[in-house]
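Got a structure for you, questions after.
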Amino acid sequence: MATTVDEAPASRKTNRIGLTQTDYKGKPSTLCKGCGHDSISSQLVKAFFEYGIEPHRVAKLSGIGCSSKTPAYFLNRSHGFNAVHGRMPSIATGCVLANRELIAVGVSGDGDTASIGIGQFVHLLRRNLPVVYIVENNGVYGLTKGQFSATADLGSKLKTGVSNDLPAIDLCGLAVELGATYVARSFAGDPKQVVALIQGAFGHSGTAVLDIISPCVTFNNHAGSTKSYTWGKDNEELIHEVDFIPHFEDIEVEYGEGEALSVELHDGSHIVLKKLERDYDPRNRRRAMELLAEAHEKQQFLTGLVYVDPKEKTFLDLLNLVDEPLATLSVERVRPPRSALEEIMETLA
Amino acid sequence: MSTETLVGESKSAVRPAIVNDFSIQVATVNGSGSQSSNNVLMRSIFQMGVPVSGKNLFPSNIQGLPTWFTIRASKSSYVARKREVDLLVAMNPQTAREDVASLGPGAAVVYEETLGLEKTRSDLVFYPVPFSDLAKEVIDEVRLRKLLANMIYVGVVGHLLSIDKDEIHAAVEKQFKSKAKAVELNVKAVEIGFAYAEKHLTKSDPLRVERMDATGGKILIDGNAAGALGSMFAGVTVVTWYPITPSSSLVEQLIDYLKAYRIDEKTGKATFAVVQAEDELAAIGMVLGAAWAGARSMTSTSGPGISLMAEFVGLGYYAEIPAVIWDIQRVGPSTGLPTRTAQGDVLSTYLLSHGDTKHILLFPSSAEECFEFGGTAFDLAERFQTPIFVMSDLDLGMNIWMSDPFSYPDKPLDRGKILDAAALEKAKKFARYRDIDGDGIPYRTLPGTRHPLAAYFTRGSGHTADAEYSERPDVYQENLDRLARKFETARRYVPGPVTDEADGNEVGIIAFGTSHWAVLESRDQLRAEHDVSTSYLRIRALPFNDELAGFVERHERIYVVEQNRDAQMLQLVRMELAENAALVARLRSVLHYDGLPIDARSVTDEILRQERSKG
Ligand SMILES: Cc1ncc(C[n+]2csc(CCOP(=O)(O)OP(=O)(O)O)c2C)c(N)n1
Ligand code: SF4
């Protein structure tokens with residue numbers, strides 16, 4: 001069922017570059033109704049619109065998965081690249097090196113990032129490449145029908161009854177530890193926070209990682225340590241017939257800084273979100289690590305901007321690149337003169 | 001000195017001098033620093049005007065295992081490996097006995113006196129030298145003595161072969177550039193070797209270097225350096241790599257050249273980006289990302305890396321993204337003989353990835369072609385919007401070849417069919433995958449193009465001509481058919497074969513890459529020694545063009561010479577000619593796959609064997 005991700009009534013309101021929100025829309029989504037990923041797409045549309053970014057300057061990049069399909073569902077007027085599973089970071093790296101004027105926005109899933117792609121993810125963090133990297137984290141492989149991902153909580157169960165015996169990878173912890181310079185966590189159903197964090201990422205020059213909890217309405221029937229499970233077993237079997245995909249409404253939440261909020265997901269399970277305090281200083285890396293560890297112990301998902309370092313050199317600075325895009329340098333600037341070749345030949349004679 | 005007669009040879013009659021036509025093998029221990037000595041020895045012969053080639057047969061090891069360097073001097077400019085060794089410099093006690101045992105009768109051996117090799121055979125010429133003692137004369141420092149012992153053998157061999165001492169000195173200076181102290185010590189070592197040989201050794205072998213004039217204006221270079229230069233002068237801007245022998249030196253040398261010649265004078269900033277990636281998957285991903293965004297981007301690897309790139313290369317093929325990938329082929333797998341040469345990636349690379357993929361492959365035979373194809377590869381990649389492979393090998397990439405200096409590429413870069421904002425404005429419409437020109441090649445736009453029509457969404461093969469998502473059977477099939485059409489167009493664009501044919505020849509030879517040099521020499525052997533005159537077609541690229549069928553048609557028996565076990569190129573030739581069974585029946589195979597560079601004698605022997613048994 002095709003729905004357009006942003007169903008707010010078309011507004012004539014224009015942003016600072018004279019575009020309307022509609023100018024930032026994408027193709028109709030083909031994801032399940034109520035999928036958290038669609039909310040994030042809508043929030044991307046809103047963030048780009050409000051920020052007033054020229055769509056042609058954006059490159060939308062992704063790997064493979066339901067989440068990775070979403071770059072088709074926002075910013076029609078930007079180039080997009082749906083690459084291979086887990087390898088979006090390398091595509092993003094090449095893309096930004098070729099044209100440093102592009103605003104690279106990568107969208108990935110937790111399977112895409114935390115399993116097959118973790119090697120590339122880790123090295124992207126290390127390089128502090130200028131890119132906004134969004135993980136639409138649902139704890140499962142949506143597109144291959146519900147297997148565990150490496151961010152699934154310990155003890156959560158698949159609908160087949162199989163339980164997850166391995167600890168979850170905390171992508172924010174990884175990102176802070178390995179060099180990302182803007183690290184945030186949020187919940188797809190909290191549009192205000194998501195939009196604010198995305199816009200913050202636009203203003204950041206290095207790698208910005210946004211780990212956004214994005215419920216999979218079709219396969220996320222977890223019962224686990226961090227989510228309270230309240231759905232009856234009989235019921236579960238009934239509504240999770242493989243070819244029956246129920247329609248759900250988007251979940252929306254609103255809660256204040258420093259507050260904790262328990263949210264009921266579509267399958268009746270709960271997730272506890274805790275928004276960072278207003279006076280939290282995200283520039284302290286060690287504190288950020290501690291905080292993530294504390295939240296983990298309390299079985300809370302800490303939301304907000306966990307860590308930021310606006311001063312660290314980016315990969316482009318390290319490479320000392322010319323200011324113009326490499327892609328379109330004239331031949332005179334990329335082919336050394338005849339005398340250079342003659343000089344080299346001389347040394348080899 | 002060079003006119004002395006060959007006295008003192010007790011076992012056989014005086015042999016006529018062999019001038020400028022022999023091979024030297026230096027056996028040392030890996031990590032003992034013999035590379036500069038070998039370079040100096042080779043270069044000094046080169047400076048005497050004598051064509052040379054140098055091949056390093058080294059182990060997968062940093063220190064301690066045996067390694068051999070062979071220098072071939074050839075007045076006829078033969079540069080393939082010569083199977084027989086004429087002069088052995090046995091510096092490795094571990095292998096000395098075996099090395100000596102493998103020599104043909106009459107060969108000469110220079111060796112450390114204390115090894116007592118003269119007792120092992122009576123049909124060789126032995127030159128014992130007290131290298132360790134002599135090294136003490138050069139320097140007190142024990143650590144450097146071993147190194148300098150290597151330079152002493154250069155002096156000994158220089159004297160035995162009548163190489164001009166001044167040329168050795170000049171070669172030392174070239175090798176150590178401006179490092180005065182190193183030059184001084186090494187020259188001293190050479191002198192000591194020279195003096196020792198003059199005083200204590202009686203020339204008893206027939207080998208000699210005499211000045212000739214066949215190297216004037218030539219350069220000495222390895223194929224990887226040539227490929228690096230070709231890439232730089234083709235305007236490469238994004239280079240990614242993951243270290244692997246024998247390809248690392250391509251990028252490492254490229255980095256040096258880029259730093260020297262591609263820093264913007266005004267700003268001091270780089271007009272290039274080089275990234276050592278976390279693995280080959282990332283390396284090719286970065287290349288595709290960069291090329292998608294419009295940069296001339298490349299990576300260099302070897303067989304194991306090519307396997308890792310398979311999935312991405314398939315995406316590159318279907319999504320139509322340029323990429324240049326150098327495959328410096330080696331023996332597989334990583335725990336095989338990773339530092340030995342082969343042409344074993346032909347089939348797997350041609351069809352690399354999933355579904356109906358096939359790729360354009362270039363096969364350079366020489367350093368000059370490495371340079372040239374460095375540019376050709378980018379032009380083809382951007383023209384055809386597809387990954388292009390340059391299929392070099394360890395022999396070409398890491399060994400030292402004599403070459404004409406490279407000529408400056410005057411041709412403008414072919415950036416292919418790119419629509420910028422102005423072109424879009426004129427065209428009024430844009431469909432990323434529509435075949436407007438009937439050649440199968442669509443137009444593309446680059447991200448960042450400021451025009452409402454520019455943007456499109458890139459995904460594998462499930463798309464319409466407008467780049468919209470589609471799983472419709474007819475749409476998919478049309479897309480695949482267009483890709484096949486594009487590949488047909490490529491036949492006319494890729495470098496065609498080089499042929500040397502004469503009327504009436506029954507035997508034709510087909511080869512590619514480094515096999516070329518053995519074939520050249522083998523053809524001379526076949527003609528001179530066996531009165532078999534041959535024609536020759538050297539493949540320079542896949543897909544083939546029409547010349548292949550014509551060549552096969554004009555000859556009775558065609559030998560496809562290659563360095564792999566399964567006759568991979570022959571298989572492709574068979575596929576190409578499959579519709580004509582009579583032609584296919586003419587194809588035969590000459591294979592060489594022991595890890596060493598192919599030599600002419602092996603080719604000659606095998607062709608003769610099959611010629612004799614033809615029935
Ligand atoms: C090399 C490779 N292996 C496996 C797959 C199959 N595959 C497609 S999507 C996917 C998982 C996606 O999960 P996730 O990234 O969490 O995204 P979601 O669908 O949950 O949004 C897998 C395993 C593939 N496309 N490529
Ligand atoms: S399967 Fe899950 S992740 Fe995929 S579209 Fe449906 S709800 Fe979203």
Side-chain angles (χ1 to χ4, degrees), chain A residues 27 30 54-61 71-72 75-85 87-99 101-102 119-120 122-123 127 315-316 319-323 325-329 331 333-338 340-342 344-345 347-349, chain B residues 217-221 229 232-238 240 257 261-262 264 267-273 275 277-279 281-297 311-312 315 405-406 408-409 412-413 445-452 454-459 469:
Chain A
K27 298 273 183 256
T30 58
E54 295 171 294
H56 78 269
R57 288 192 54 209
V58 179
K60 306 172 291 179
L61 314 163
L75 263 62
N76 256 343
R77 292 204 198 166
S78 307
H79 276 73
F81 192 163
N82 195 176
V84 298
H85 198 17
R87 321 292 176 200
M88 177 266 280
S90 59
I91 292 289
T93 307
C95 183
V96 170
L97 293 180
N99 186 345
E101 289 174 0
L102 292 173
Q120 295 208 344
V122 160
H123 287 274
R127 295 189 179 106
F315 197 43
L316 299 182
L319 289 171
N320 188 31
L321 295 189
V322 290
D323 298 337
L326 292 179
T328 46
L329 291 177
V331 62
R333 297 190 62 192
V334 295
R335 175 181 274 168
R338 188 179 295 271
L341 184 62
E342 282 164 4
I344 296 165
M345 291 298 107
T347 65
L348 298 165
Chain B
K218 304 258 185 203
I219 59 167
L220 287 178
I221 190 169
L229 285 171
M232 176 169 76
F233 283 91
V236 66
T237 49
V238 176
T240 70
Y257 286 131
Y261 296 100
R262 287 278 299 278
D264 199 276
T267 59
K269 292 188 173 180
T271 61
F272 62 88
V275 184
E278 53 271 33
D279 54 30
L281 281 80
I284 184 66
M286 291 177 198
V287 166
L288 290 171
W292 178 74
R296 285 204 147 184
S297 54
E311 187 191 12
F312 250 141
L315 179 72
F406 306 149
Y408 190 71
L413 310 179
T445 56
L446 304 182
T449 305
R450 184 194 287 271
H451 194 280
Y456 70 95
F457 196 81
T458 300
R459 49 168 79 79
Y469 184 64

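Bear in mind that the values here come from a model prediction, so they are computed numbers and not experimental data. Within every chain, numbering begins at 1; the chains are lettered A, B, ... in the order of the sequence lines, protein sequences first and strands thereafter.
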* Asked: Would Met286(B) and Gln120(A) satisfy side-chain contact (heavy atoms from CB on, under 4.5 Å), going step by step from the backbone distance to the final call?
  -> CA-CA 11 Å; Met286(B) 291 177 198; Gln120(A) 295 208 344; over 6 Å; no
* **Side chain, backbone, both or neither of Leu281(B) within contact of chain A (heavy atoms, under 4.5 Å)** =>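 Contact with chain A involves both backbone and side-chain atoms of Leu281(B).
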* **Pick from Val96(A), Ile344(A), Val122(A), Leu102(A) with the largest number of heavy-atom pairs that fall under 4.5 Å of chain B** =>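 Going by pairs under 4.5 Å, I would pick Ile344(A).
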* Taking atom CG of Leu220(B) and atom CG of Leu348(A), what is their separation to the nearest 0.5 Å? ->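 Spacing of CG (Leu220(B)) from CG (Leu348(A)) equals 8.0 Å.
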* To do: Check the side chains of His79(A) and Thr449(B) for a donor-acceptor pair under 3.5 angstrom, ignoring hydrogens and angles.
  =>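 No donor-acceptor contact under 3.5 Å links the two side chains.
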* **Engaged part of Ala92(A) at the chain B interface, taking heavy atoms whose separation is under 4.5 Å** =>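 Neither part; nothing is under 4.5 Å.
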* Look up atom CG in Asp323(A) and atom OG1 in Thr267(B), then write down how far apart they are to the nearest 0.5 Å. =>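 Rounded to the nearest 0.5 Å, the CG-OG1 separation comes to 7.0 Å.
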* **Winner by heavy-atom pair count (cut-off under 4.5 Å) against chain B, out of Arg127(A), Arg77(A), Arg57(A), Glu101(A)** =>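 Option with the top pair count is Arg127(A).
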* Taking all atoms of both residues into account, what is the closest heavy-atom pair of Ser90(A) and Gly285(B), and its distance? ->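 Looking at all heavy atoms of both residues, the closest pair is OG-CA, 3.3 Å.
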* Let me see the working for Arg335(A) and Leu413(B) under side-chain contact (heavy atoms from CB on, under 4.5 Å), right down to the final yes or no. => CA-CA 10 Å; Arg335(A) 175 181 274 168; Leu413(B) 310 179; 3.3 Å; yes
* To do: May I have the step-by-step check of side-chain contact (heavy atoms from CB on, under 4.5 Å) for Leu97(A) and Val275(B), ending in yes or no?
  => CA-CA 10 Å; Leu97(A) 293 180; Val275(B) 184; 3.5 Å; yes
* To do: Against chain B, work out which of Pro89(A), Gly80(A), Pro337(A) has the most heavy-atom pairs shorter than 4.5 Å and name it.
  =>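 Ranked by heavy-atom pairs under 4.5 Å with chain B, first place is Gly80(A).
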* **Segment of Glu342(A) engaging chain B (4.5 angstrom heavy-atom cut-off)** =>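 Neither part; nothing is under 4.5 Å.
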* To do: Indicate the atoms forming the closest heavy-atom contact of Thr237(B) with Leu326(A), along with that distance.
  =>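 The answer is O-CD1, 3.6 Å.
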* side-chain contact (heavy atoms from CB on, under 4.5 Å) between Glu54(A) and Arg450(B), worked out -> CA-CA 9 Å; Glu54(A) 295 171 294; Arg450(B) 184 194 287 271; 2.8 Å; yes
* To do: Would you mind telling me which of Ala283(B), Gly268(B), Pro409(B), Ala234(B) has the largest number of heavy-atom pairs within less than 4.5 Å of chain A?
  =>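 Ranked by heavy-atom pairs under 4.5 Å with chain A, first place is Pro409(B).
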* Would you name the heavy atoms of Arg262(B) and Arg333(A) that are closest together and state the gap between them? =>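 That would be NE-O, 3.9 Å.
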* To do: Starting at OH of Tyr408(B), measure out to CZ of Arg338(A) and round the result to the nearest 0.5 Å.
  =>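 Output value for this atom pair is 7.0 Å.
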* Do you know which two heavy atoms are closest between Cys95(A) and Trp292(B), and how far apart they sit? ->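 Answer, listing the atom of Cys95(A) first, then Trp292(B): SG-CZ3, 3.7 Å.
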* To do: Kindly give the heavy-atom pair with the smallest separation between Ala327(A) and Ala295(B), and that separation in Å.
  =>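 That closest heavy-atom pairing would be CB-N, 3.7 Å.
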* To do: Examine whether an atom of Pro71(A) lies under 4.5 Å from a heavy atom of chain B, and if so say whether it belongs to the side chain, the backbone or both; otherwise answer neither.
  =>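 Answer is both: backbone and side chain atoms of Pro71(A) are under 4.5 Å from chain B.
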* **Residue selection (most heavy-atom pairs with chain B, distance under 4.5 Å) from Leu316(A), Thr347(A), Val58(A), Asn76(A)** =>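 Ranked by contacts with chain B, first place is Thr347(A).
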* Tell me, out of Ala277(B), Pro452(B), Gly294(B), Ala290(B), who's got the most heavy-atom pairs with chain A below 4.5 Å. =>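 So the answer, after comparing Ala277(B), Pro452(B), Gly294(B), Ala290(B), is Ala290(B).
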* Asked: If you round to the nearest 0.5 Å, how far is NZ of Lys60(A) from CZ of Phe457(B)?
  ->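 The CZ atom of Phe457(B) sits 6.0 Å away from the NZ atom of Lys60(A).
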* Asked: Rounded to the nearest 0.5 Å, how far apart are CE of Met345(A) and CD1 of Ile221(B)?
  ->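 Output value for this atom pair is 5.0 Å.
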* Is it the backbone or the side chain of Phe272(B) that comes under 4.5 Å from a heavy atom of chain A, or both, or neither? ->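 When you check distances to chain A, only backbone atoms of Phe272(B) fall under 4.5 Å.
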* Side chain, backbone, both or neither: which part of Leu229(B) has a non-hydrogen atom closer than 4.5 Å to chain A? ->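 Leu229(B) touches chain A through side-chain heavy atoms alone.
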* Asked: What part of Leu319(A) lies closer than 4.5 angstrom to a heavy atom of chain B: side chain, backbone, both or neither?
  ->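 When you check distances to chain B, atoms from both the backbone and side chain of Leu319(A) fall under 4.5 Å.
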* **Interface residue of largest heavy-atom contact number with chain B, from Leu321(A), Thr328(A), Thr93(A), under 4.5 Å** =>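 Most heavy-atom pairs within the cutoff with chain B belong to Leu321(A).
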* Asked: Counting distance only, does the side-chain N/O of Asn99(A) pair as donor-acceptor with the main-chain N or O of Leu446(B) below 3.5 Å?
  ->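 Absent.
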* Given that the side chain runs from C-beta out, which part of Thr271(B) has a heavy atom under 4.5 Å from chain A: side chain, backbone, both or neither? ->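 Both parts, backbone and side chain.
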* Tell me, side chain or backbone of Val238(B) under 4.5 Å from chain A's heavy atoms, or both, or neither? ->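 Answer is side chain: those atoms of Val238(B) sit under 4.5 Å from chain A.
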* Atom CG in Leu341(A), atom CE in Met232(B): separation rounded to 0.5 Å? ->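 That separation rounds to 8.0 Å.
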* To do: With the side chain counted from C-beta on, respond yes when Ile91(A) and Leu288(B) share a heavy-atom pair under 4.5 Å apart, and no when they do not.
  =>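 Counting from C-beta outward, Ile91(A) and Leu288(B) do come under 4.5 Å.
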* **Heavy-atom proximity to chain B below 4.5 Å, by part of Leu75(A)** =>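 Neither part.
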* Identify which part of Thr445(B) has an atom lying under 4.5 Å from any heavy atom of chain A, answering side chain, backbone, both or neither. =>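 Contact with chain A is through both the backbone and side chain of Thr445(B).
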